[in-house]
Structure formats: structure tokens, C-alpha cells
Amino acid sequence: DVQLVESGGGSVQAGGSLRLSCKQSGSAYISNCMGWFRQVPGKEREGVARIDTGDGGTWYGDSDSIKARFTISRNNLRDTVYLQMDSLQPEDTGMYFCALRPRFCYGAFARENFDAWGQGTQVTVS
């Protein structure tokens, strides 16, 4: 079974930075589509960024704000994906989840297109 373990969340003041990490284990494939989602109470889980660990292709969702401030990257030797978040704002507060879709990124960047999920890491911006 695939396991995803997130780390790097925490509390930060507005304007600060955090780097989230997601280490995967158990995938049967050399490359996968890995994504970050975030959720706040009462709202749908929204896609933040995804990366194809094979060709490195990235996608940042519909938010221009996220595109300007967040960077997703991967280290295949460590089976780890990162989300660098800069210029954090209070509206970035939420639980951040790592997700995996086997083999490659395809179709809509939506929750239902990912098979495995981590437990989440909390990000709080004040």
C-alpha cells in the first residue's frame, strides 16, 4: 500500500514562509502524479499544486495568488515532494494534504482523481 507522510506545517506570521514535505512509500511505479490540497472547515478540499514526478510538469490550480507564491518540486531520489510557500497570508490557513495518483498526472486536478492521501499537516498564518 502507498503511504504518504507530510511534514513541515506550523504557525507563521503573515509574510512568512513554510516548506511542506511529502514522502511516499509503497508505490509500484517509478513515477506518479503527486499533489497538494488544502482544506478549511466548512469548505471543499481544493487543489493547490501538483507535479508529475516523471517529467516534472507542474500545475498550480486556478488561483493567481498561489501561482505567484507557491512552488512545488520533487526529489525522486528521496521519493519526496515539496511545497514551498512564500508570502503566506491568513487565507492560506488550513490543513494541507498530500495526495498521489499512480503513474502520471491526467485529467482535472480534483480530489477524486487521486488514490492515496496523507494525514495532513496544519498551516496557520496569523
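Remember, predicted model here, so these are calculated numbers, not experimental data.
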Original post:
Is D79 salt-bridged to R74, going by a charged N under 4.0 Å from an acidic O?
Top reply: no
**OP:** Please report the closest heavy-atom contact between A49 and L83, naming both atoms and the distance.
**Re:** CB-CD1, 4.1 Å
**OP:** Working to the nearest 0.5 Å, report the span between CZ of R50 and CG of N113.
**Re:** 8.0 Å
Original post:
Is there any side-chain hydrogen bond (donor to acceptor under 3.5 Å, both in side chains) pair reaching into residues 17-34, and which pairs are they, with sequence neighbours excluded?
Top reply: S17-D86, S27-N32
Subject >> Euclidean distance, T58 OG1 relative to F70 CZ, rounded to 0.5 Å >> reply: 14.5 Å
Subject >> Between CZ on residue R45 and CZ on residue R38, distance to nearest 0.5 Å >> reply: 13.5 Å
Original post:
Between the side chain of N75 and the main-chain N/O of T80, is any donor-acceptor distance below 3.5 Å?
Top reply: no
Original post:
For R69, does the CZ atom sit with more than 12 other heavy atoms under 6.0 Å from it, leaving out its own atoms?
Top reply: yes
Original post:
Should V123 and M34 be counted in the same cluster of Ile, Leu, Val, Met, Phe, Trp and Tyr side chains packed under 4.5 Å apart?
Top reply: yes
Subject >> Shortest non-hydrogen separation from T93 to Q122 and the atoms involved >> reply: CG2-NE2, 4.0 Å
Subject >> Sequence-distant partners of F37, ring pair (Phe, Tyr, Trp, His ring centres under 6.0 Å), two or more places apart >> reply: F109, F114, W117
Original post:
CZ of F104 to CG of D52: how many Å apart, nearest 0.5 Å?
Top reply: 8.5 Å
Original post:
Do I66 and M95 belong to the same hydrophobic cluster, where Ile, Leu, Val, Met, Phe, Trp and Tyr are linked whenever their side-chain heavy atoms lie under 4.5 Å apart, directly or via other members?
Top reply: no
Subject >> Distance in Å, L20 CG paired with F97 CZ, rounded so as to fall on 0.5 Å steps >> reply: 12.0 Å
Original post:
Any donor and acceptor pair, going by atom type alone, linking the side chain of Q84 with main-chain N or O of Y82 inside 3.5 Å?
Top reply: no
**OP:** Could you state whether I51 and V48 fall into the same hydrophobic cluster, counting links through intermediate Ile, Leu, Val, Met, Phe, Trp or Tyr residues with side-chain heavy atoms under 4.5 angstrom apart?
**Re:** yes
Solution key, residues 4-15 side-chain donor-acceptor pairs under 3.5 Å, sequence neighbours excluded:
| unit_1 | atom_1 | unit_2 | atom_2 | d |
| --- | --- | --- | --- | --- |
| E6 | OE1 | Q119 | N | 3.0 |
| E6 | OE1 | G120 | N | 2.9 |
| E6 | OE2 | C98 | N | 2.8 |
| E6 | OE2 | G120 | N | 3.1 |

Original post:
Where the side chain of Y60 meets the backbone of I72, is there a donor-acceptor pair that is under 3.5 Å apart?
Top reply: yes
Original post:
Do W59 and L100 sit in the same hydrophobic cluster, where Ile, Leu, Val, Met, Phe, Trp and Tyr count as joined when their side-chain heavy atoms come under 4.5 Å apart?
Top reply: no
**OP:** Of all the heavy-atom pairs spanning V81 and T53, show the shortest one and how long it is.
**Re:** CG2-CG2, 4.2 Å
**OP:** Inspect the surroundings of CD in E91 and state if more than 12 heavy atoms from other residues, nucleotides or ligands are less than 6.0 Å away.
**Re:** yes
Original post:
When you measure from the centre of the six-membered ring of Y106, is the NZ or CZ of R101 under 6.0 Å away and within 45° of the axis?
Top reply: no
